[in-house]
> 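Following this message is one structure expressed as structure tokens.
Remember, it's 1-based here, ligands and their atoms both numbered in the order they're listed. Only a predicted model underlies this, so the values are computations on that prediction, with no experimental measurement involved.
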Amino acid sequence: MSFGNSEEWMVEIDKARPIVKRALELGVNFYDTANVYSNGRSEEIVGELLKDHRDEVVIATKVRLKVGEGSNDEGLSRYHIMGQVKKSLRRLRTDRIDLYQTHRWDYSVPIEETLLTLNDLVRQGSVNYIGTSSMFAWQFAKALAVSELLGIASFVSMQNHYNLCYREEEREMIPLCKDRGIALIPWSPLARGFLTGRYKRGGNVDTPRYRSDKYFAERFFRPEDFDVLESVVEIAKEKGVSASQIALAWLLHKGVSAPIIGATRVEHLEDAVSALDVKLSSDDMKRLEEPYKPHRIIGPLPIPEPLN
Ligand SMILES: NC(=O)c1ccc[n+]([C@@H]2O[C@H](COP(=O)([O-])OP(=O)(O)OC[C@H]3O[C@@H](n4cnc5c(N)ncnc54)[C@H](OP(=O)(O)O)[C@@H]3O)[C@@H](O)[C@H]2O)c1
């Protein structure tokens, strides 16, 4: 999502190129994008920068969110998925998407239609595996059951919102994923940059991301988020590493497969890779987790009124 041009904080291909080059050098082999990011530009950048490394990397993209004004320009109908997958393949310059993810639940389409369509894509070879993103746990359990009943391709991964400041997924979704052997690949692992330690309680906030990411200010910056951040910063100081490394190491210690990081500079990426070497004791984990207070739900689309 950080590659593109729809918001001020995003980086175009000139700045994305050295990030991807360094990522490949460091052994990063999993790249996530979506048809909706910067109206397809993110997929184009990823496709261009990975075209000479196609068989060394796993490319994940997504479908569901609104890409136009027409009534069929969004959703998980057969019509929309079949049209969008062709566009994603073209922009990504590839003959197959390794992980094709549904980007939120679609309340207007039976999940059977979506899963049968995705199964067709797997059978025809344009998609290798299917995954999904933020939804309620009951919806995910239903989708897994439908695939099993129909004997068709089943979601293998959950891309959900999970970080030290947003742990609501620990209630239902994460235990469900662990029980079913589903890979956890959380988004916004640094709470959009909040957990990097660049933002101080009561301090002036003026970064491009804060100014132009419409979700950032409203999601974090609660007093209790700063309580969590302060324990992250304290432990980072004790260990002589960065706050981001502590926040990412915490996720790795919680058993996620791969946090989806959003680097906009080469140093962000190097910092993230260094988190693999950070060891946290059970006491560190307790100190990091203790200040957490429940958060309003961020991720799953709310159930539309008439269904209530
Ligand atoms: N499935 C979904 O619905 C969904 C939703 C959101 C995101 N995503 C995916 O998740 C990815 C990551 O999301 P995100 O960008 O919110 O992730 P994030 O890792 O929580 O935040 C990334 C931001 O943190 C800052 N940052 C990162 N490393 C840093 C470091 N070492 N030191 C200082 N600052 C650092 C950068 O801010 P500055 O740019 O301000 O420097 C960067 O933009 C996206 O690119 C997208 O692929 C998916």
Side-chain angles (χ1 to χ4, degrees), residues 1-4 6-12 15-16 19-20 22-23 26 28 30-38 41-43 45-46 58-66 99-105 131-135 155 157-166 169 173 184-199 205-217 219-220 225 229 232-233 236 241-252 256 258-275 278 297-301:
M1 185 174 70
S2 47
F3 296 168
S6 65
E7 289 178 16
E8 184 197 347
W9 63 273
M10 297 172 180
V11 295
E12 250 300 338
K15 293 202 173 114
I19 298 175
V20 171
R22 187 73 184 121
L26 289 168
V28 174
F30 176 56
Y31 295 81
D32 174 76
T33 179
N35 64 339
V36 72
Y37 296 159
S38 291
R41 182 63 188 144
S42 172
E43 287 186 330
I45 296 174
V46 170
V58 172
I59 296 184
T61 193
K62 316 185 194 80
V63 61
R64 155 72 179 93
L65 298 183
K66 199 172 163 67
L99 180 67
Y100 200 37
Q101 305 158 102
T102 56
H103 208 170
R104 302 291 182 276
W105 191 259
T132 189
S133 180
S134 295
M135 59 177 64
F155 292 131
S157 59
M158 166 51 66
Q159 184 174 149
N160 54 348
H161 185 206
Y162 188 39
N163 57 56
L164 265 167
C165 286
Y166 185 83
E169 297 289 292
M173 183 57 89
L184 287 165
I185 50 173
W187 51 269
S188 291
L190 297 174
R192 299 180 114 78
F194 181 80
L195 285 164
T196 61
R198 282 154 69 192
Y199 302 96
V205 180
D206 190 23
T207 61
R209 180 104 192 214
Y210 186 85
R211 276 198 307 273
S212 65
D213 177 344
K214 59 180 184 259
Y215 300 115
F216 193 12
R219 290 189 175 176
F220 303 103
D225 296 328
L229 176 61
V232 172
V233 170
V241 300
S242 68
S244 325
Q245 286 180 39
I246 296 294
L248 293 174
W250 175 80
L251 275 173
L252 296 169
V256 311
I260 308 218
I261 60 148
T264 53
R265 302 166 68 96
V266 172
E267 302 84 71
H268 294 167
L269 185 82
E270 290 171 338
D271 207 23
V273 172
S274 303
V278 175
I297 299 300
I298 301 172
L301 287 185

> Show the atoms of ligand 1 that are less than 4.0 angstrom away from any heavy atom in A191.
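Answer for ligand 1: 20 (O).
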
> Give a yes/no on ligand 1: does D32 have at least one heavy atom closer than 4.0 angstrom to it?
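It does; at least one heavy atom falls under 4.0 Å.
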
> Hey, would you say the F3 and Y31 ring centroids sit under 6.0 Å apart?
no

> Side chain to side chain contact (heavy atoms under 4.5 Å, CB included) with K62: which of Q159, E43, R104?
Q159

> Select the closest option to atom 44 (C) of ligand 1 among M1, R104, E270, H161, judged by heavy-atom distance.
M1

> For atom 17 (O) of ligand 1, what is the nearest protein heavy atom, given as residue, atom name and distance?
S188 CA, 3.4 Å

> As an exercise, identify every atom of ligand 1 less than 4.0 angstrom from a heavy atom of P189.
17 (O), 18 (P), 19 (O), 20 (O)

> Going by the atom numbers of ligand 1, which of them fall below 4.0 Å from some non-hydrogen atom of K62?
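Numbered from 1, ligand 1 contributes 1 (N).
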
> With heavy-atom distances below 4.0 Å as the criterion, list the atoms of ligand 1 near G262.
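Contacts of ligand 1 toward G262, numbered from 1: 12 (C), 15 (O), 17 (O), 19 (O), 22 (C), 23 (C), 42 (C), 43 (O).
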
> Using a 4.0 Å cut-off to any heavy atom of D271, which atoms of ligand 1 qualify?
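Selected atoms, number and element: 30 (C), 31 (N).
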
> Would you indicate which of S133, C165, P186, P259 comes nearest to atom 1 (N) of ligand 1 when only heavy atoms are counted?
S133

> Considering only heavy atoms of I261, which atoms of ligand 1 have at least one such atom less than 4.0 Å away?
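Those atoms are 12 (C).
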
> Heavy-atom contact under 4.0 Å between Q245 and ligand 1?
no

> Quick one: does P208 get a heavy atom under 4.0 Å from ligand 1?
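No heavy atom of P208 comes that close to ligand 1.
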
> Counting heavy atoms only, name the option from R211, Q159, R198, M158 that's nearest to atom 37 (O) of ligand 1.
R198

> Need the ligand 1 atom indices (1-based, order shown) with element for anything under 4.0 Å from a heavy-atom of T264.
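It comes down to these atoms of ligand 1: 38 (P), 39 (O), 41 (O), 43 (O).
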
> Taking a cutoff of less than 4.0 Å between a non-hydrogen atom of the residue and any ligand atom, is F3 in contact with ligand 1?
no

